[in-house]
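Let me begin by presenting the structure, written as structure tokens, before commenting on it.
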Amino acid sequence: MDTNRSYVLLLGLGTSQFLRERSFSGAKDASSMPVWITGLDPLRSPQRFFDRVIAADDGYADSVLAAVAEWKQRGWDLAAVVPINDWGVPSASAVAKEYGLPGLSADSAHVTRDKYAMKARFEAADLPTPRSISVTSEAEMLAAAEEIGFPVVLKPADFSGSGGVSLAHTRAEAIAAFAASVEHIERYRDDFPIDGTRYLVEQYVDSQEEVSVEVLCHGDRRKTLTVTEKYLSAPPVFAEVGHLVPSHRTGDPALTTLAEKACETLGIDRGIAHVEIKFDSKGDPWLIEAAARPGGDGIMDQVERAYGYNPYTLHVASYLGVDPFPLVQSEPVRSSAVAFLKAQPGEITSVRIPEKLPESVVSVFVSKKPGDVVKPVADWSTRDGVAEMVWDEIFTERTTLPVEIADKLSDEIFG
């Protein structure tokens with residue numbers, strides 16, 4: 001009989017972990033224990049990649065707590081509960097507290113999921129962040145937009161993935177943008193653990209220059225692992241269309257200090273955090289937001305290719321209470337990127353991946369088929385595929401190669 005039945009639970013994956021598969025390998029490297037995930041219906045949606053799928057909705061702490069308690073009665077002890085995406089952060093915090101495990105405080109889990117509370121913390125710490133006002137109605141939104149001054153950005157207070165985010169230059173555009181944001185939340189209200197009653201009107205930082213800073217946090221120590229170059233669609237929406245690791249800004253001490261200070265301000269003291277920063281026309285950095293989980297969109301995969309270690313190992317190790325800093329590799333050996341494919345709006349008539357691909361391309365995945373109807377770019381939900389690329393060089397200035405290659409591939413693939 002197995003007398004050492006402990007496991008690591010990853011939250012935020014469900015049974016579909018596209019672009020987060022390496023979290024399993026990282027958890028295995030951090031521990032010899034089985035690695036489990038949650039799923040709404042493990043019997044009908046099995047995931048054999050992981051050691052076990054337990055029946056729970058990882059966006060709701062009560063659901064996860066009930067599942068963990070059930071498996072405890074069966075003789076299995078939880079050793080660590082680790083958030084992999086935004087939806088798993090509050091649940092992981094609550095479960096860790098219940099079982100006396102390393103984890104984020106309830107306050108930190110809250111302020112990293114509530115964008116208005118997050119901005120208030122940044123402002124109180126005198127960190128540069130766009131001014132924002134919380135609103136619940138169109139009338140409040142218009143009053144806030146007039147107070148801040150057009151143009152403004154409108155966004156849900158507790159959603160992610162650029163969903164429901166858009167730019168407005170006039171009152172008419174603001175009304176349309178607000179209606180679209182509300183409609184977006186209504187569409188996904190039943191699918192995600194969101195309050196969905198509050199929205200932000202935010203000062204616009206007029207720039208397409210944006211990065212994310214991947215920060216390793218453990219106790220009172222914080223260290224920037226890398227800076228990721230972020231590529232955005234053209235306004236009025238802000239869809240993320242690609243990421244490059246490392247950014248030419250990696251190593252900028254002012255940038256890394258700001259990102260690490262943001263994590264400290266929000267009380268992030270466990271695992272990898274993902275901090276988004278924009279630069280204005282003067283080159284000054286502005287904190288947009290920070291998440292208490294590793295970067296999504298395959299960013300962690302690109303970190304692994306560029307630096308030669310799996311960052312999920314560090315993330316899980318921290319939640320196991322193990323010092324992750326000795327595992328960090330400071331210098332990149334290559335550049336790696338992920339960029340998203342986008343077909344022209346309308347019905348797809350054909351899909352054909354070229355036999356000969358650019359030398360830098362190491363993977364291509366297409367998520368659309370003939371007959372599918374494509375919508376204009378808006379957020380993560382309007383992507384039509386993904387390509388990954390590697391170069392045996394470190395770019396010392398901003399390059400748009402990842403999106404150029406993805407755009408060319410899209411033209412060749414979709415008919």
Side-chain angles (χ1 to χ4, degrees), residues 19 127-130 162 205-216 222-235 238-263 272-291 294-311 314 328-340 358-363 386-409:
L19 292 178
L127 299 179
T129 192
S162 302
V205 179
D206 188 2
S207 171
Q208 290 294 95
E209 295 277 343
E210 184 170 341
V211 299
S212 62
V213 185
E214 323 308 330
V215 181
L216 179 61
R222 293 166 185 86
K223 177 181 176 61
T224 296
L225 299 177
T226 191
V227 179
T228 303
E229 194 74 24
K230 189 182 295 291
Y231 302 97
L232 304 175
S233 63
F238 301 92
E240 296 177 357
V241 297
H243 309 273
L244 171 72
V245 177
S247 165
H248 66 285
R249 296 182 185 271
T250 297
D252 179 347
L255 178 60
T256 57
T257 297
L258 177 59
E260 292 164 18
K261 183 65 175 177
C263 294
I272 295 176
H274 177 75
V275 183
E276 297 181 348
I277 295 175
K278 289 192 77 169
F279 297 88
D280 63 20
S281 58
K282 299 178 181 178
D284 294 330
W286 292 74
L287 279 169
I288 302 302
E289 54 194 59
D297 279 357
I299 290 175
M300 295 298 102
D301 291 11
Q302 312 321 313
V303 173
E304 183 171 5
R305 287 196 179 102
Y307 286 82
Y309 69 91
N310 186 335
L314 282 61
V328 175
Q329 301 291 325
S330 298
E331 296 299 326
V333 295
R334 59 185 62 87
S335 296
S336 186
V338 57
F340 298 99
E359 185 177 351
S360 60
V361 174
V362 294
S363 76
V386 61
E388 294 177 286
M389 304 148 230
V390 171
W391 295 269
D392 289 325
E393 63 176 300
I394 308 299
F395 296 103
T396 57
E397 57 185 32
R398 193 172 193 271
T399 177
T400 56
L401 268 176
V403 289
E404 290 174 14
I405 291 172
D407 288 346
K408 187 173 186 298
L409 279 174

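If you read the sequence from its start, that first residue is 1, and numbering goes on from there.
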Quiz item: Do I299 and S212 come within less than 4.5 Å of each other through their side chains, counting heavy atoms only?
Solution: yes
Check your understanding: Taking C-beta and beyond as the side chain, do L314 and L225 meet within less than 4.5 Å on heavy atoms?
Key -> yes
Quick one, V211 and F279 - any side-chain contact, counting heavy atoms below 4.5 Å? yes
Taking every heavy atom of V275 against every heavy atom of A259, the minimum-distance pair comes out as CG2-O, 4.0 Å
Note to self: Let's go through V227 and D252 carefully: what are the C-alpha distance in whole Å and the side-chain angles of both, what is the deciding distance for side chain to side chain contact (heavy atoms under 4.5 Å, CB included) to 0.1 Å, and is it a yes or a no?
What the structure shows: CA-CA 9 Å; V227 179; D252 179 347; over 6 Å; no
Sorted by chain and number, sequence neighbours left out, salt bridge (charged side-chain N to carboxylate O under 4.0 Å, His left out) with D392 holds for R334
Separation between NZ (K261) and OG1 (T256), nearest 0.5 Å, reads 14.0 Å
Do T228 and Q302 have side chains that get closer than 4.5 Å, going by heavy atoms? no
Taking every heavy atom of T129 against every heavy atom of L287, the minimum-distance pair comes out as OG1-O, 2.7 Å
* Asked: Side chain of T257, backbone of A254: donor and acceptor closer than 3.5 Å?
  -> no
Applying salt bridge (charged side-chain N to carboxylate O under 4.0 Å, His left out) to E304 and not counting sequence neighbours gives R22
- Query: Is there side-chain contact between P128 and L258, with at least one heavy-atom pair below 4.5 Å?
  - Reply: yes
Residue set satisfying salt bridge (charged side-chain N to carboxylate O under 4.0 Å, His left out) with D297, at least two apart, ordered chain then number -> R383
H243 and E229: side chain donor to acceptor below 3.5 Å = no
- Side-chain contact test, heavy atoms from C-beta onward, threshold under 4.5 Å: evaluate it for E240 versus L232 and give yes or no. yes
Residues passing the ring pair (Phe, Tyr, Trp, His ring centres under 6.0 Å) test with F395, sequence neighbours excluded, are W391
### Message
Heavy-atom count check: over 12 atoms from other residues, nucleotides or ligands less than 6.0 Å from E404 CD?
### Response
yes
*asked:* A side-chain contact here means heavy atoms from C-beta on lying under 4.5 Å apart; do I394 and P246 qualify?
replied: yes
dist E210:CD -> K230:NZ (nearest 0.5 Å) comes out at 5.5 Å
Here the pair of heavy atoms bringing D280 nearest to S207 is CA-CB, 4.3 Å
d(F238 CZ, E276 CD) to nearest 0.5 Å is 12.5 Å
Across all chains, not counting sequence neighbours, the side-chain contact (heavy atoms from CB on, under 4.5 Å) partners of P294 are I272, M300, Y312, H315
SG of C263 to NE2 of H274, rounded to nearest 0.5 Å, is 11.0 Å
### Message
Less than 4.5 Å apart, side chain to side chain, heavy atoms only: is that true for V338 and D301?
### Response
no
Closest non-hydrogen contact found for Y307 with Q329 is CD2-O, 3.3 Å
One pair to check against side chain to side chain contact (heavy atoms under 4.5 Å, CB included): M389 and L401. What are the steps and the verdict?
CA-CA 10 Å; M389 304 148 230; L401 268 176; over 6 Å; no
Sorted by chain and residue number, the salt bridge (charged side-chain N to carboxylate O under 4.0 Å, His left out) partners of R249 (sequence neighbours excluded) come out as E209
Does a donor on one side chain and an acceptor on the other come within less than 3.5 Å for E388 and S336?
no
inquiry  = Is it the case that over 12 heavy atoms from other parts of the model lie below 6.0 angstrom from the CD atom of E359?
reply    = no
* Asked: Given the rule in the side chain to side chain contact (heavy atoms under 4.5 Å, CB included) test, do S335 and L244 qualify, once you have shown the distances and angles that lead to the verdict?
  -> CA-CA 7 Å; S335 296; L244 171 72; 4.2 Å; yes
Heavy-atom closest pair (W286 atom, P130 atom, distance to 0.1 Å) is CE3-N, 3.5 Å
